[in-house]
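Index from 1, following the sequence.
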Amino acid sequence: MKCTALFGLTAHVAAVSAGTVLWDGRFNDFTASTDLEKWSWGNQVGPYQYYIHGSSAVASYVNLSPSFKNPADSGSKQGAKITLDNTAYWNGQNMRRTELIPQTTAAINQGKVYYHFSLMRKDVNAPATTREHQIAFFESHFTELKSGWLSGAVGISDPLLRWCIGGQTQWSTEWSAGVWHNVAYEIDFAAGTVGFWHSTGGDALAQTVAPVKASTSSNGADWHVGVLELPRDGYPDSTEDYFWSGVYIESGSLTTSVAGPGAPPVDNGGSSSSSTSIKSSTTSSISSTPTTLITSTSSKTQVTAISSSTPVTTTSSKTQVITTSSSAPATTTSSSGCTASQWAQCGGNGFSGCTSCASPYKCKYSNDWYSQCL
């Protein structure tokens, strides 16, 4: 019996820690959010670069607490509350934003990797449904979450949380208060594809959208853990809170357990745990033909679809499925290079993405580390 119990515990640990953690952003070594201020361009320490925020003290924009994490995320000691308030304007821009960027030299932009995080909102200081929010995005916006009314769409508001590739919706669901959405971006930088793994609460991640062709581009220091809100005339600022948990990047096999790597083992009565790892070699593949989408912007239930060769598994009755179209993604490549869409980064020290902006936007210098299409 003792041997059986030990086997069960060992199996659970192996299942939770499935892959190799390349970068750990779970705030486990932070005593308070003020630790973020130890980082600077001249003193690049800690797991995060902290420079995209407003002019107030760090506690106006980032706060840490065990009550801010997903209760199922036992590998994290605490979570983060990231806030937009009426001072959250960075570097003179007209967009509110509070963002953390991985501080690492690890190969998080090579081969097949998995970008993990959990996200939740509350009714108090809820994200506005009348403005577009870009969440957990890369500078080239090849993949990201979005919430709220999409810029240029018809209507006034939108209650959905979306996963997008190149600005086009691939998956969406109603973003209800108090629900933890657990996400892993399955990014194959070599193959140029991105897949989407998702669950809610404490459920294990499941592949919701098989890998889709994308213009994968990252210099390894341009993934934003936070939110950028696009401006909209006639809609005043309100304080908004976004709760984050279980932020890390891994390679190898995918950890599907929300408990995350390093979580304490759970005694399951001696029976061996079922495996919660997915080897990257078994991930579903799709046609090499790029697919982009037309998505309704009304607040009614939306149906979105991938190509017929890419089945989509819904995770709840509210999860939306998405339809294919032949329209081009926001960021395109050509034999002469590539163009970045509005709001995307187009320059800065160490930046390796598109340096030309799609017409009529221009690449505007902000500082030595950042230029943006405006």
Could you tell me which non-hydrogen atom of [X] sits nearest to which non-hydrogen atom of [Y], and how far apart they are?
| X | Y | result |
| --- | --- | --- |
| Ser251 | Val113 | CB-CG1, 4.2 Å |
| Thr87 | Tyr61 | OG1-OH, 2.6 Å |
| Phe189 | Ile108 | CE1-O, 3.4 Å |
| Ser218 | Asn109 | O-ND2, 3.0 Å |
| Ala32 | Leu64 | C-CD1, 3.8 Å |
| Gly201 | Ala72 | O-CB, 4.3 Å |

>> By the definition side chain to side chain contact (heavy atoms under 4.5 Å, CB included), identify the one residue from Thr255, Asp24, Leu22 that meets it with Glu250.
In response: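 Only one option passes, and that is Thr255.
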> Counting heavy atoms not belonging to Asn94, are there more than 12 under 6.0 Å from its CG?
Replying inline: yes
Exam field: side chain [X] to backbone [Y], donor-acceptor pair closer than 3.5 Å:
| X | Y | result |
| --- | --- | --- |
| Thr208 | Ala206 | yes |
| Asn70 | Phe117 | no |
| Tyr185 | Ala136 | yes |
| Arg96 | Asp85 | yes |
| Lys146 | Leu160 | no |
| Arg131 | Tyr235 | yes |
| Thr143 | Cys164 | yes |
| Thr98 | Thr83 | yes |
| Trp90 | Tyr51 | yes |

> Going through the distances and angles, do Phe138 and Thr216 end up as a side chain to side chain contact (heavy atoms under 4.5 Å, CB included)?
Replying inline: CA-CA 9 Å; Phe138 288 83; Thr216 52; over 6 Å; no
> Without hydrogens or angle criteria, can the side chains of Asn182 and Ser199 be said to hold a donor-acceptor pair below 3.5 Å?
Replying inline: yes
>> Can a side-chain donor-acceptor contact be found between Ser215 and Ser217 if the only test is distance below 3.5 angstrom?
In response: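 Short answer, no.
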> Are the ring centres of Trp23 and Tyr115 closer than 6.0 Å?
Replying inline: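 Distance test on ring centres: not under 6.0 Å, no.
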> Do you reckon Val258 sits in the same ILVMFWY cluster as Val183, going by side-chain contacts under 4.5 Å, direct or chained?
Replying inline: no
>> If hydrophobic clusters are built by linking Ile, Leu, Val, Met, Phe, Trp and Tyr wherever their side-chain heavy atoms come under 4.5 Å apart, do Ile101 and Trp41 end up in the same one?
In response: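 Ile101 clusters together with Trp41.
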> What do the steps show when you test Glu132 against Gln134 for side chain to side chain donor-acceptor pair (under 3.5 Å), and what is the final call?
Replying inline: CA-CA 7 Å; Glu132 179 176 321; Gln134 300 171 352; 3.0 Å; yes
If we only count heavy atoms from C-beta on, is the [X] to [Y] side-chain gap below 4.5 Å?
| X | Y | result |
| --- | --- | --- |
| His181 | Thr173 | yes |
| Phe196 | Val194 | no |
| Arg162 | Glu144 | no |
| Ile135 | Trp244 | yes |

>> Please give the remaining members of the hydrophobic cluster of Phe68, linking ILVMFWY side chains under 4.5 Å, ordered by chain and number.
In response: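 Same cluster as Phe68: Met120, Trp180, Phe243.
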>> Walk me through whether Cys346 and Cys373 qualify under disulfide bond (SG atoms under 2.5 Å apart).
In response: CA-CA 6 Å; Cys346 53; Cys373 291; 4.0 Å; no
> How would you list, by chain and number, every residue that makes a salt bridge (Lys or Arg N to Asp or Glu O under 4.0 Å) with Arg97, sequence neighbours excluded?
Replying inline: Glu99
